Amino acid sequence: MEGARDRMDQLVSLCKRRGFIYPGSELYGGFANSWDYGPYGVELKRNIRDAWWSRFVHGRADVYGLETPIIMNPKAWEASGHLETFTDPLVDCKKCKHRFRADQLVDAEEEKTLDLSGIRCPNCGGELTDIRQFNLMFKTFVGVTEDASSAAFLRPETAGGMFVAWKNVRDSLHRRLPFGIAQIGKAFRNEITPGNFIFRTREFEQMEIEYFVHPSKASEAFDMWLQEMKSWVADVLHLSSSRVVYKDIPREELAHYSARTVDIEYRYPFGQKELYGLANRTDYDLSRHQDASGEDLRYLDPDTNERFLPYVIEPTWGADRSVLAVLLEHLDIDEAKTAEGEKEPRMVLRLPPRLAPVQAAILPLQKKEPLVAAATELAATLRGAGWSVEYDETGSIGKRYRRQDEIGTPWCITVDPQTADDHTATIRDRDAMSQERVALRDIPSWIADKVGRRD
Ligand code: GAP
């Protein structure tokens, strides 16, 4: 566990030092469990979101995008059951006042019964209070008065907006089932035990799909989405199969609305915990909204004239947990040679090129003409081709390489005196540490080939 903690500490400090993720509100002493995404963190998260959208919305003929508000009519959360049951069991230690989630104090098999008899405070051994149910919804007020009639809630998941908009999407698209709606956006939960860096925060981002199918096709659609999620994990995030666990939740432990759930877990340094989820939510959500709104939310099959409430398969991805898993997976420490030929430890983020905040760094070997002009022009050409590029002419070349290794830049392109003679530059590969001379005019297509457009 010591090594695991070291790894988290290494990552958290690298993220701050290099501008991926900073503690939130640090100027005012911080704000527990809130984080700012810095210039490179923003790019990494954006690349993950873009890859997701390109794969699951643009890349498929049966999924459409949607954006719904964070603050919705509170009746939606009443209908969905969130106001009543979106709770976590809370206990306090009577002695040291530490607060815990009761389900995290018992073994997985005992989570349903939550029998805490014989369990003492893990912090000080003190006696625990009885369990209280704590609602995770953040409450706010809309308008100038702060009373029950103006109370509203920040959404705890993006899914709710998609169920409420289902009728409009159904009516405007006029398309046959199955099809899905996708949404990326912030969600808010007043978590009792946030922590582990960006793993569990109170404000986070989700990427979710609600896929509507005929009930008889739900199980087939579930299998299809499980394959899609596996492919995302392996082909886009490049997470090692030894660190990802697909856990079919036993029938007796399923949530009341679910016919099948697979938890996708990752072996983080702090334990094996949820990364993503996939659920067959049956017609639970649509039937609740149909009952509460009085609107007919059924789908009319134009071929069979059958009218029915579709089942919903819901694959859900956390954007921040994707960032965390990708950073942990690809953070590596190896050795590099210094200018004097000595070996020194090198911290390197072996990010998949498509996800890397910077795809190529352009480094003139010396800060003088004609090197600077050639390097500046190459940087502008690559930017024009749509790549994220950094130009750096300061410090020794070794230091510049190290910096790019730490932010995960796959290729450093060095412009040197030979460039003026033969119009070539050296491309250094972050992982192979190999050097290759490539004609300047071929570099944009060289990078495009390496990154690949789809993944
Ligand atoms: N609509 C289904 C739903 O929201 P969930 O398992 O509660 O399911 C989906 O959340 C995903 O959102 C999780 O798998 C995780 O990646 C992410 N997530 C949930 N709570 C989070 C939190 N407090 N901080 C960061 N990510 C969170």
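Please read these numbers as outputs of a predicted model, since none were measured by experiment. Ligands are counted one by one from 1 in listed order, and the atoms in each one are counted from 1 as well.
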task: List every atom of ligand 1 that sits less than 4.0 Å from any heavy atom of E274, numbering the atoms from 1 in the order shown and giving each element.
output: 6 (O), 13 (C), 14 (O)
query: Is R383 reaching over with its side chain to a backbone N or O of E390, donor-acceptor style, under 3.5 angstrom?
result: no
- prompt: Hey, is ligand 1 close enough to E314 that some N/O pair sits below 3.5 Å?
  reply: yes
query: Considering only the protein, which heavy-atom contact is closest to atom 18 (N) of ligand 1, and what is its distance?
result: F204 CE1, 3.5 Å
Under 3.5 Å: N/O of G318 near N/O of ligand 1: yes
query: Does any non-hydrogen side-chain atom of L349 lie less than 4.5 Å from one of E406?
result: no
message: Taking distance alone, with N or O pairs closer than 3.5 Å, would you say T201 contacts ligand 1?
response: yes
field: Q206 contact mode with ligand 1 (heavy-atom cut-off under 4.0 Å)
entry: side chain
query: Any non-hydrogen atom of D320 lying under 4.0 Å from ligand 1?
result: no
field: D88/R101 salt bridge by N-O under 4.0 Å criterion
entry: yes
message: Please determine whether a side-chain nitrogen of the Lys or Arg among D248 and R260 lies less than 4.0 Å from a carboxylate oxygen of the Asp or Glu.
response: yes
- request: May I ask you to decide whether R430 forms a salt bridge with D405, counting only side-chain N to carboxylate O separations under 4.0 Å?
  value: no
query: Do the side chains of P352 and H330 get nearer than 4.5 Å, heavy atoms only?
result: yes
- line: Note: ligand 1 atoms sitting under 4.0 Å from heavy atoms of F199 are 24 (N), 25 (C), 26 (N)
statement: The closest protein heavy-atom partner of atom 8 (O) of ligand 1 is T316 CG2, 4.0 Å
query: So is there a nitrogen or oxygen of E191 less than 3.5 Å from a nitrogen or oxygen in ligand 1?
result: yes
message: Could you check whether any side-chain heavy atom of F308 comes within less than 4.5 Å of a side-chain heavy atom of H214, counting everything from C-beta outward?
response: yes
- prompt: Is the number of heavy atoms from other residues, nucleotides or ligands within 6.0 Å of NZ (K217) greater than 12?
  reply: no
query: Is any side-chain N of the basic residue among R176 and D301 closer than 4.0 Å to the acidic one's carboxylate O?
result: no
- request: Measure R202 to ligand 1 on non-hydrogen atoms and call it side chain, backbone, both or neither using the 4.0 Å cut-off.
  value: neither
query: Among protein heavy atoms, which lies nearest atom 1 (N) of ligand 1, and at what distance?
result: E208 OE2, 2.5 Å
task: Under 4.0 Å from a heavy atom of Y276: give me the atoms of ligand 1 that qualify, with their elements.
output: 14 (O)
message: Can you tell me which portion of L275 lies within the under-4.0 Å heavy-atom range of ligand 1? Options are side chain, backbone, both, or neither.
response: backbone
field: Numbered atoms of ligand 1 (with element) below 4.0 Å of A159, judged on heavy atoms
entry: 1 (N)
query: Between Y268 and F270, what is the ring plane arrangement, given parallel below 30°, perpendicular above 60°, and tilted in between?
result: parallel
- prompt: Going by distance only, is there an N or O of E157 that falls short of 3.5 Å from an N or O of ligand 1?
  reply: yes
- request: Give a yes or no on whether a salt bridge exists between K247 and E265, defined as a side-chain N under 4.0 angstrom from a carboxylate O.
  value: yes
Atom 5 (P) of ligand 1: nearest protein contact (heavy atom, Å): R189 NH2, 3.8 Å
